[in-house]
Amino acid sequence: MRELRMGSDEQFAADTERYRRELLALCYRMVGSAHDAEDLVQETYLRAWRSYAGFESRASIRSWLYKIATNVCLTALDTRRGRMLPSGLAGPYDGPDRPPLPAAPGEVSWLEPLPDSWISSDDPAAVVVARESVRLALIASLQLLPPRQRAVLILREVLAFPATETAEILGTTTAAVKSALQRARSALDDVRPDDLLEPTDERARALLDGYITAFERSDANLLEQVLRADATLEATPFRDWQAGKTRCIHLLTTHVFGKPGDWRLIPTTANGQPAAVVHHHGQASGIVVLTATTTGISKVVEFQDATLVATFSCPRGGPRSG
């Protein structure tokens with residue numbers, strides 16, 4: 001059997017392919033980009049295939065793949081800037097009325113959304129865990145941690161690897177893992193609000209429908225009904241962001257809305273949150289992701305990048321396979 005496995009592409013695929021979606025989620029949490037995560041998964045599988053003949057089963061296939069993927073990510077992060085949202089750059093804009101200012105080309109590496117379909121699962125419990133661990137607020141906060149701290153937090157808190165196995169994956173000591181986890185937990189203490197709605201919740205869908213209708217009709221009154229008083233609004237590639245319903249609505253009605261019919265939004269889900277694919281004057285514009293809570297929409301993040309629309313239109317409902 002060992003000889004057959006050593007030379008069998010089919011056996012390699014049978015042993016490893018089932019982990020592709022969860023490895024994609026790992027890489028996305030590490031680097032904050034769906035496109036980069038897909039490339040890193042491809043690199044993981046290439047390295048795994050090359051060393052498959054030498055795999056001695058001292059660890060599980062899953063643990064072995066996670067070790068490769070984590071180290072692929074850490075190597076990539078050595079030469080890449082952390083990805084950000086506008087709210088990670090500075091406080092909310094509170095100056096005189098003007099259109100938001102974009103960052104200079106190449107000045108900031110922006111966070112990207114992740115289609116829920118890329119990490120979907122037949123296991124309902126796994127779906128809930130996956131959604132919770134890719135929320136935009138968490139992913140944005142993870143990018144602020146040093147890469148190895150980030151890896152420890154993901155492996156221990158999200159994936160529930162034991163400290164000893166995490167140390168083996170990262171080539172460090174159990175004591176170092178415990179220390180890094182403590183620091184990472186402290187940095188992320190306030191990231192997860194407890195009133196979030198699942199995107200499948202009827203209340204979340206109603207908030208998304210209300211936001212879409214308000215945008216497509218250029219109707220500030222409808223927007224007033226779905227945004228919380230403390231709502232925030234940010235959009236890449238702009239440095240400025242707004243805090244408070246009044247400022248959010250003013251920005252949208254003054255500088256964004258235009259005429260009824262200028263915008264078309266198609267419902268979807270991203271990062272375990274209600275979202276929409278955005279078209280402006282019939283052209284792909286980007287993706288908007290909403291933070292839906294029991295008291296309304298608390299955060300709107302729009303990613304103004306037309307190339308992301310193709311990501312959310314992937315015909316296979318997930319990343320490419322190698």
Side-chain angles (χ1 to χ4, degrees), residues 19-41 44 66 69-70 73 76-77 82-85 87-88 109-145 147 149-161 184-185 187-188 190-201 204 208 234 236 267-277 286-293 298-303 305 308 311-312 314 317-319:
Y19 302 111
R20 184 176 289 272
R21 288 180 183 270
E22 58 181 277
L23 291 171
L24 179 84
L26 166 72
C27 293
Y28 175 73
R29 296 179 192 113
M30 286 293 293
V31 302
S33 161
H35 292 112
D36 287 354
E38 193 177 10
D39 290 340
L40 293 169
V41 169
T44 295
Y66 268 97
T70 301
C73 290
L77 288 167
R83 289 183 174 269
M84 309 286 288
L85 288 175
S87 54
S109 292
W110 296 112
L111 198 68
E112 293 179 0
L114 179 71
D116 278 9
S117 62
W118 281 27
I119 56 170
S120 61
S121 169
D122 294 331
D123 179 355
V127 169
V128 172
V129 171
R131 284 176 180 160
E132 290 178 349
S133 63
V134 294
R135 306 282 195 205
L136 271 183
L138 175 60
I139 298 301
S141 296
L142 284 173
Q143 307 312 300
L144 301 177
L145 296 176
Q149 257 187 52
R150 196 181 313 169
V152 166
L153 185 77
I154 294 167
L155 291 168
R156 292 284 288 117
E157 296 282 89
V158 177
L159 300 167
F161 278 102
R185 280 174 173 167
L188 268 65
D190 300 323
V191 170
R192 301 173 184 174
D194 57 9
D195 60 347
L196 288 180
L197 298 172
E198 289 292 310
T200 52
D201 191 301
L208 175 62
E234 52 190 316
T236 63
T268 186
T269 55
N271 295 83
Q273 299 171 227
V277 178
I287 306 294
V288 63
V289 182
L290 308 180
T291 300
T293 75
S298 65
K299 182 184 287 289
V300 177
V301 182
E302 183 168 357
F303 301 88
D305 181 349
L308 294 173
T311 301
F312 279 76
C314 179

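Because the structure is predicted, anything quoted here is derived from the model rather than measured.
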Close side-chain approach of [X] to [Y], heavy-atom, < 4.5 Å:
X      : Y      : result
Val277 : Ile287 : yes
Leu111 : Thr236 : no
Val152 : Glu157 : no
Leu40  : Met30  : no
Leu26  : Tyr19  : no
Leu308 : His35  : yes
Pro115 : Thr268 : no

How many angstroms lie between atom [atom1] of [X] and atom [atom2] of [Y], to the nearest 0.5 angstrom?
X      : Y      : atom1 : atom2 : answer
Leu290 : Thr269 : CG    : OG1   : 11.5 Å
Leu23  : Arg21  : CG    : CZ    : 12.0 Å
Ile139 : Arg29  : CD1   : CZ    : 6.5 Å

Closest heavy-atom contact between [X] and [Y]?
X      : Y      : answer
Arg83  : Ser33  : NE-CB, 3.3 Å
Ser133 : Leu138 : O-CD2, 3.6 Å
Pro113 : Val289 : CB-CG2, 4.2 Å
Pro199 : Gly272 : CD-O, 3.3 Å
Tyr28  : Glu112 : OH-O, 2.5 Å
Ala270 : Asp116 : C-OD1, 3.3 Å

Checking Leu188 against Leu142 for the side chain to side chain contact (heavy atoms under 4.5 Å, CB included) test, could you report, in this order, the C-alpha distance in whole Å, the side-chain angles of both residues, the deciding distance, and whether it holds?
CA-CA 8 Å; Leu188 268 65; Leu142 284 173; 3.9 Å; yes
- Under the side chain to side chain contact (heavy atoms under 4.5 Å, CB included) criterion, do Glu38 and Thr311 qualify, and how do the steps go? CA-CA 11 Å; Glu38 193 177 10; Thr311 301; over 6 Å; no
Partner of Thr291 under side chain to side chain donor-acceptor pair (under 3.5 Å), picked from Arg135, Gln273, Lys299, is Gln273
Hits for ring-ring contact (aromatic ring centres under 6.0 Å, His included) against Tyr66, two or more places apart or cross-chain, chain-then-number order -> Phe161
**Request:** Step by step, work out the side chain to side chain contact (heavy atoms under 4.5 Å, CB included) result for Val134 and Trp118.
**Result:** CA-CA 12 Å; Val134 294; Trp118 281 27; over 6 Å; no
Exercise. Is there a side chain to side chain contact (heavy atoms under 4.5 Å, CB included) between Glu234 and Val300 once you walk through the steps?
Worked result: CA-CA 6 Å; Glu234 52 190 316; Val300 177; over 6 Å; no
Notebook entry, point to check: Is there a donor-acceptor pair closer than 3.5 Å between any side-chain N or O of Arg185 and the backbone N or O of Leu153?
Noted result: no
Those residues at least two apart in sequence (or on a different chain) that pass salt bridge (charged side-chain N to carboxylate O under 4.0 Å, His left out) with Glu302 are none
